[in-house]
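Notes follow the structure.
Treat the numbers as computed from the prediction; the structure is a model and nothing was measured.
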Amino acid sequence: MFETATPEVGQEWPVRIFASQMKLSTLPGVMIMSDTVFREEISEAIRAHGAWKYRLRTAAMKNETNLPVQDICRDDKCRFGKWLADISPNERNRERVNKIKTLHGDFHKNAGQVAQTIADGNSAEALAALDGSAFNKKSKELTAALMEWKVSG
């Protein structure tokens with residue numbers, strides 16, 4: 001048996017459905033995401049996470065210890081993390097969405113560890129971590145998965 005819920009007056013359901021799922025567009029409060037918007041979100045995510053890698057490297061090189069570690073380590077604080085949380089997986093994309101959520105979480109965990117190392121005044125150790133295989137592997141895996149998702153939709 002299925003339970004149904006309706007949003008209160010003035011609220012929207014936090015569900016995003018891809019344009020290829022237009023048959024569901026008659027549901028109240030459901031937002032349809034065009035392929036263009038979807039691809040722009042993925043491109044922005046790649047750009048923003050690349051920018052954070054650069055920001056961490058710059059902070060380590062300049063010994064900037066005032067990083068928002070408590071936000072960097074959380075995958076639900078960045079724009080992409082918030083967007084990703086609103087994605088409603090379906091049978092077609094469930095495995096990919098879950099994989100990207102995991103990779104995104106791993107990126108933030110690793111970035112948070114690097115940020116904490118910088119905040120603790122260990123810039124050389126942070127730079128070594130940024131150059132290390134673990135951080136770069138996870139970062140590249142996330143980027144590759146996002147690029148694949150962007151192309152295949």
Could you tell me if the side chain of [Y] sits less than 4.5 Å from the side chain of [X], heavy atoms only?
X     : Y      : value
Leu67 : Arg55  : yes
Lys53 : Phe135 : yes
Cys73 : Gln116 : no
Lys99 : Glu141 : no
His49 : Ser139 : no
Phe80 : Ile100 : yes

To the nearest 0.5 Å, tell me how far [X] [atom1] sits from [Y] [atom2].
X      : Y      : atom1 : atom2 : value
Asn136 : Leu130 : CG    : CG    : 7.5 Å
Ile72  : Cys78  : CD1   : SG    : 11.0 Å
Lys138 : Lys109 : NZ    : NZ    : 9.0 Å
Gln113 : Glu125 : CD    : CD    : 10.5 Å
Ser123 : Lys62  : OG    : NZ    : 12.5 Å
Arg57  : Asp131 : CZ    : CG    : 4.5 Å

**Item:** side chain to side chain contact (heavy atoms under 4.5 Å, CB included) partner of Leu103, chosen from Leu142, Asp75, Thr143
**Value:** Leu142

Atom of [X], atom of [Y] and distance for their closest heavy-atom approach:
X      : Y      : value
Val69  : Gly112 : CG1-O, 3.8 Å
Ala115 : Leu56  : CB-CD2, 3.9 Å
Ala45  : Leu146 : CB-CD1, 4.3 Å

**Message:** Using the rule given for side chain to side chain contact (heavy atoms under 4.5 Å, CB included), can you reason through Lys77 versus Gln70, listing the C-alpha separation, both sets of side-chain angles and the distance that settles it, and then say yes or no?
**Reply:** CA-CA 10 Å; Lys77 291 288 188 177; Gln70 67 282 359; over 6 Å; no

**Check: Asn98 side chain, Glu95 main-chain N or O, donor-acceptor pair, under 3.5 Å** = no

